[in-house]
Chemist: 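So that we are looking at the same thing, I have put the structure below in structure tokens.
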Amino acid sequence: MNPLIKRLCWLLVLLFSPFSMAAVTVTDGYVAQKSADQSNGAAYMVIHNQGSSDITLVMVNSPVATKSNIYQFIERNGKKRKRLLNKGLLIKANSSVTLAPETLVIALMGSNQALNPGDMVKIRLNFDNNELLELDLPVK
């Protein structure tokens with residue numbers, strides 16, 4: 001086979017393979033406003049998995065927090081409690097998960113920094129498929 005045609009074929013395979021497209025995207029992301037005397041902040045967003053396999057958000061970090069965790073709010077006996085998602089947050093194939101107040105949250109813990117409207121906060125999302133998203137989210 002002609003070497004040029006062979007290279008072109010490989011290029012087409014790479015361009016149209018599922019590995020060449022980002023399987024995960026984020027929309028509607030923001031960080032909640034907090035004062036300097038509050039030690040914890042919160043980030044919210046919609047995470048879209050456009051891939052054909054389930055993925056799990058396994059780690060979150062941000063320079064504005066010493067520690068970041070993912071929590072789910074559950075209701076027991078009429079009271080809402082937050083539960084740490086030790087194994088991460090599952091996002092099924094071709095679906096989305098919404099992180100919103102009183103449902104799912106990324107807790108940004110250990111910060112003594114005020115987060116004011118208009119500020120931007122860097123957040124890094126690590127998934128079990130080795131995909132990494134680095135976000136700049138506005139404070140609202």
Side-chain angles (χ1 to χ4, degrees):
M1 179 186 281
N2 181 330
L4 182 59
I5 292 174
K6 191 174 183 177
R7 286 184 194 152
L8 182 60
C9 288
W10 275 112
L11 179 63
L12 290 172
V13 166
L14 289 173
L15 283 174
F16 293 103
S17 75
F19 302 108
S20 67
M21 295 184 225
V24 184
T25 58
V26 170
T27 57
D28 303 321
Y30 72 96
V31 173
Q33 176 182 355
K34 77 171 201 67
S35 63
D37 62 338
Q38 294 173 299
S39 61
N40 296 337
Y44 305 104
M45 63 196 71
V46 180
I47 303 173
H48 307 275
N49 177 5
Q50 294 138 346
S52 57
S53 300
D54 296 350
I55 58 168
T56 302
L57 174 61
V58 292
M59 187 169 53
V60 179
N61 55 36
S62 173
V64 301
T66 58
K67 185 176 180 183
S68 300
N69 285 327
I70 309 161
Y71 289 97
Q72 178 181 32
F73 286 85
I74 54 173
E75 192 168 328
R76 279 199 190 135
N77 302 324
K79 293 184 181 180
K80 281 211 175 199
R81 300 184 189 275
K82 63 182 183 177
R83 178 177 67 103
L84 176 63
L85 298 181
N86 289 319
K87 295 181 181 178
L89 176 63
L90 176 69
I91 301 110
K92 297 235 179 235
N94 296 306
S95 67
S96 300
V97 172
T98 300
L99 285 80
E102 302 297 315
T103 59
L104 287 165
V105 63
I106 294 173
L108 305 171
M109 300 176 291
S111 173
N112 60 0
Q113 171 182 342
L115 299 175
N116 299 307
D119 291 348
M120 297 298 286
V121 174
K122 291 191 178 303
I123 294 183
R124 177 182 286 188
L125 306 178
N126 296 300
F127 297 88
D128 67 344
N129 66 349
N130 294 320
E131 196 160 341
L132 170 71
L133 286 181
E134 294 192 7
L135 309 171
D136 286 314
L137 300 180
V139 175
K140 294 183 178 179

Chemist: Sort out for me which residue in L57, L104, N69 forms a side-chain contact (heavy atoms from CB on, under 4.5 Å) with L85.
Modeler: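 Output: one option passes, namely L104.
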Chemist: Between N77 and K79, is there a donor-acceptor pair closer than 3.5 Å when you use the side chain of the first and the backbone of the second?
Modeler: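 Side chain of N77 to backbone of K79: no pair is present.
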Chemist: Measuring from T25:OG1 to E131:CD, what's the distance to the nearest 0.5 Å?
Modeler: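 If I round to the nearest 0.5 Å, the distance is 9.0 Å.
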Chemist: K92 versus D54: any side-chain heavy-atom pair under 4.5 Å?
Modeler: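 Yes, side chains in contact.
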Chemist: Please tell me whether L133 and M45 are part of a single hydrophobic cluster in this structure, the criterion being side-chain heavy atoms less than 4.5 Å apart.
Modeler: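 Yes, same cluster.
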Chemist: Take L125 and L135, measure what side chain to side chain contact (heavy atoms under 4.5 Å, CB included) needs, and give me the verdict at the end.
Modeler: CA-CA 8 Å; L125 306 178; L135 309 171; 3.7 Å; yes
Chemist: If you look at every heavy atom in P138 and G29, which pair is closest and at what distance?
Modeler: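 Scanning both residues completely, I find the closest heavy atoms to be CD-O, 3.5 Å.
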Chemist: Could you tell me the separation between the NZ atom of K82 and the CD atom of E102, rounded to the nearest 0.5 Å?
Modeler: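 One gets 10.5 Å once the value is rounded to the nearest 0.5 Å.
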Chemist: Any side-chain heavy atom of I70 within less than 4.5 Å of one from V60?
Modeler: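 In contact.
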Chemist: Measure the shortest side-chain to side-chain distance between Q38 and L115 over non-hydrogen atoms and say whether it is less than 4.5 angstrom.
Modeler: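 Contact flag for Q38/L115 side chains = no.
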Chemist: Could you check whether any side-chain heavy atom of V24 comes within less than 4.5 Å of a side-chain heavy atom of I91, counting everything from C-beta outward?
Modeler: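 Result no, sub-4.5 Å side-chain heavy-atom pair not found.
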Chemist: Quick one: pull up CG in N61 and CD1 in I106 and give me the separation to the nearest 0.5 Å.
Modeler: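 It comes to 10.5 Å.
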Chemist: In terms of hydrophobic clusters joined by side-chain contacts under 4.5 Å, are Y30 and L89 together?
Modeler: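 In one cluster: no.
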Chemist: What pair of heavy atoms forms the shortest contact from L132 to R124, and how long is it?
Modeler: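 In terms of heavy atoms, the two residues are closest at CD1-CG, 3.0 Å.
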Chemist: Near D136 CG, under 6.0 Å, is it more than 12 heavy atoms from other residues, nucleotides or ligands?
Modeler: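 Atom CG in D136 is packed in, count exceeds 12.
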Chemist: Considering only heavy atoms from C-beta outward, does the side chain of K34 approach that of L108 to under 4.5 Å?
Modeler: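 A side-chain contact under 4.5 Å is absent here.
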Chemist: Can you tell me how far apart NZ (K67) and OG (S111) are? Round to the nearest 0.5 Å.
Modeler: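 The distance works out to 15.0 Å.
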Chemist: Spell out, yes or no, whether Y44 and M109 are grouped together once hydrophobic residues are joined by side-chain heavy atoms under 4.5 Å, including indirect joins.
Modeler: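 Linked within one cluster.
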Chemist: Treating Ile, Leu, Val, Met, Phe, Trp and Tyr as nodes and any side-chain heavy-atom pair under 4.5 angstrom as an edge, say whether I55 and V26 lie in one connected cluster.
Modeler: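 Same cluster.
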Chemist: In this structure, are over 12 heavy atoms from other groups packed under 6.0 Å from K80 atom NZ?
Modeler: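 Count over threshold, so yes.
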Chemist: Any side-chain heavy atom of T56 sitting closer than 4.5 Å to one from K87?
Modeler: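 No; the side chains remain at least 4.5 Å from each other.
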Chemist: Can Y71 be reached from F127 by stepping across I, L, V, M, F, W or Y side chains whose heavy atoms are under 4.5 Å apart?
Modeler: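 Each belongs to a different hydrophobic cluster.
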Chemist: With heavy-atom distances below 4.5 Å as the criterion, would you say the side chains of L99 and V105 are in contact?
Modeler: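 When only atoms from C-beta onward are counted, V105 and L99 do not touch, as no gap falls below 4.5 Å.
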Chemist: Within the distance-only criterion (no hydrogens, no angle test), does the side chain of S62 pair as donor or acceptor with the backbone N or O of K122 below 3.5 angstrom?
Modeler: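 Side chain of S62 to backbone of K122, a donor-acceptor pair under 3.5 Å: yes, one is there.
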Chemist: Is any side-chain heavy atom of V64 closer than 4.5 Å to one of V31?
Modeler: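 Heavy-atom side-chain distance check fails, nothing below 4.5 Å.
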